[in-house]
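Worksheet: one structure, shown below.
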Amino acid sequence: MNTVTCRIETIETLSGDVYRVFMRSNQPSVIHAPGQYLELDSGRAWLPYSIANPPDREGMLELHVQYVAASENSCALFKRLRVGETIRARLPGGECSFELGDPRPLLLIAAGTGFCPDEVDH
């Protein structure tokens, strides 16, 4: 995985505790495949999040991040998520991805919300 610096462009509220975060990488074209993820440096730990948008030539990345008040990792991350601030990200992660142009049929099965609970705080 490559480490990049991202500038937080916008943060939008999607629900009471879920936020859409748009970040711009310092690399104009961040390469990732649909289904891969990145890790954000919370200052406490590297936290994984699915990338919600396709690769963008301007280096824009979209994440959907849930705030969990009982999690030290979540609290540490949200202290750093401020529009105009920078944050380090490692990407791409994961080998389970959709290959563009693959002619085979694709069956998607969804379960849950797409958000997972924060790992156990140590």
Side-chain angles (χ1 to χ4, degrees):
M1 288 202 283
N2 296 321
T3 301
V4 298
T5 300
C6 297
R7 182 181 184 277
I8 300 167
E9 298 286 326
T10 60
I11 300 174
E12 302 170 358
T13 303
L14 295 179
S15 72
D17 62 354
V18 177
Y19 299 86
R20 179 169 32 204
V21 178
F22 288 97
M23 309 181 315
R24 187 176 310 275
S25 167
N26 63 344
Q27 296 181 6
S29 184
V30 178
I31 306 299
H32 65 87
Q36 289 189 305
Y37 67 94
L38 60 72
E39 295 176 335
L40 292 179
D41 180 8
S42 72
R44 187 173 188 277
W46 287 93
L47 306 176
Y49 293 94
S50 295
I51 303 170
N53 65 315
D56 179 283
R57 291 187 177 161
E58 297 178 8
M60 189 67 75
L61 296 163
E62 177 184 348
L63 306 175
H64 299 168
V65 182
Q66 183 177 24
Y67 174 71
V68 180
S71 165
E72 290 180 24
N73 285 335
S74 182
C75 291
L77 177 63
F78 272 83
K79 287 179 183 175
R80 304 194 71 200
L81 291 180
R82 301 285 181 251
V83 173
E85 297 295 321
T86 60
I87 191 166
R88 292 186 315 149
R90 294 191 302 208
L91 74 154
E95 295 180 17
C96 180
S97 62
F98 176 72
E99 293 185 33
L100 299 174
D102 188 335
R104 297 177 296 171
L106 176 66
L107 174 64
L108 300 174
I109 300 173
T113 64
F115 299 101
C116 65
D118 195 29
E119 72 277 353
V120 176
D121 288 320
H122 299 285

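In this text, all values refer to a predicted model and were calculated from it rather than measured experimentally.
You'll find the side chain of Glu85 stays beyond 4.5 Å of the side chain of Arg80, heavy atoms only. Using a 4.5 Å cut-off on side-chain heavy atoms (C-beta onward), Tyr67 and Val18 make no contact. Between Asn53 and Leu63 there is no side-chain heavy-atom pair separated by less than 4.5 Å.
Under the 3.5 Å distance criterion, the side-chain polar atoms of Ser74 are matched with a main-chain donor or acceptor of Val68. Although no hydrogens or angles enter the test, the distance criterion places a donor-acceptor pair under 3.5 Å between the side chain of Ser42 and the main chain of Arg44.
When each of Leu61, Thr86, Leu91 is paired with Cys6, the side chain to side chain contact (heavy atoms under 4.5 Å, CB included) condition holds for Leu61 and for no other.
Heavy-atom neighbours of Glu58 CD from other residues, nucleotides or ligands within 6.0 Å: at or below the threshold of 12.
Under the rule for a side chain to side chain donor-acceptor pair (under 3.5 Å), Arg82 has no partner lying at least two apart in sequence or in another chain. With sequence neighbours excluded, the residues forming a side-chain contact (heavy atoms from CB on, under 4.5 Å) with Thr13 are Tyr19, listed by chain and number. The side-chain contact (heavy atoms from CB on, under 4.5 Å) test applied to Pro92 returns His32, Gln36, not counting sequence neighbours. Residues passing the salt bridge (charged side-chain N to carboxylate O under 4.0 Å, His left out) test with Arg7, sequence neighbours excluded: Glu9. Here Asn26 pairs with Val4, Thr5 under the side-chain contact (heavy atoms from CB on, under 4.5 Å) rule; sequence neighbours left out. For Phe22, there are no ring pair (Phe, Tyr, Trp, His ring centres under 6.0 Å) partners, not counting sequence neighbours. Applying the side chain to side chain donor-acceptor pair (under 3.5 Å) test to Asp41 and every residue at least two apart in sequence or in another chain returns Arg88. With sequence neighbours excluded, the residues that form a side chain to side chain donor-acceptor pair (under 3.5 Å) with Asp17 are Gln66.
Closest heavy-atom contact between Ala52 and His64: CB-NE2, 3.8 Å.
Residue Val65 is not grouped with residue Met60 when hydrophobic side chains (ILVMFWY) are merged at heavy-atom distances under 4.5 angstrom, including chains of intermediate members. Grouping the Ile, Leu, Val, Met, Phe, Trp and Tyr side chains by contacts below 4.5 angstrom, directly or via other members, places Leu47 apart from Tyr37. Taking hydrophobic clusters as Ile, Leu, Val, Met, Phe, Trp and Tyr residues chained together by side-chain heavy-atom distances below 4.5 Å, Met23 shares a cluster with Ile11. Leu77 is connected to Val83 through a chain of hydrophobic side-chain contacts under 4.5 Å among Ile, Leu, Val, Met, Phe, Trp and Tyr, so both are in one cluster.
The pair Glu62-Arg20 meets the salt-bridge criterion, since a charged nitrogen lies less than 4.0 angstrom from a carboxylate oxygen.
Interatomic distance, Ile8 CD1 to Ile87 CD1, rounded to the nearest 0.5 Å: 5.5 Å. Note: Arg90 CZ to Met1 CE = 5.0 Å, rounded to the nearest 0.5 Å.
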Steps toward side-chain contact (heavy atoms from CB on, under 4.5 Å) verdict (Leu40, Tyr49): CA-CA 8 Å; Leu40 292 179; Tyr49 293 94; 4.1 Å; yes
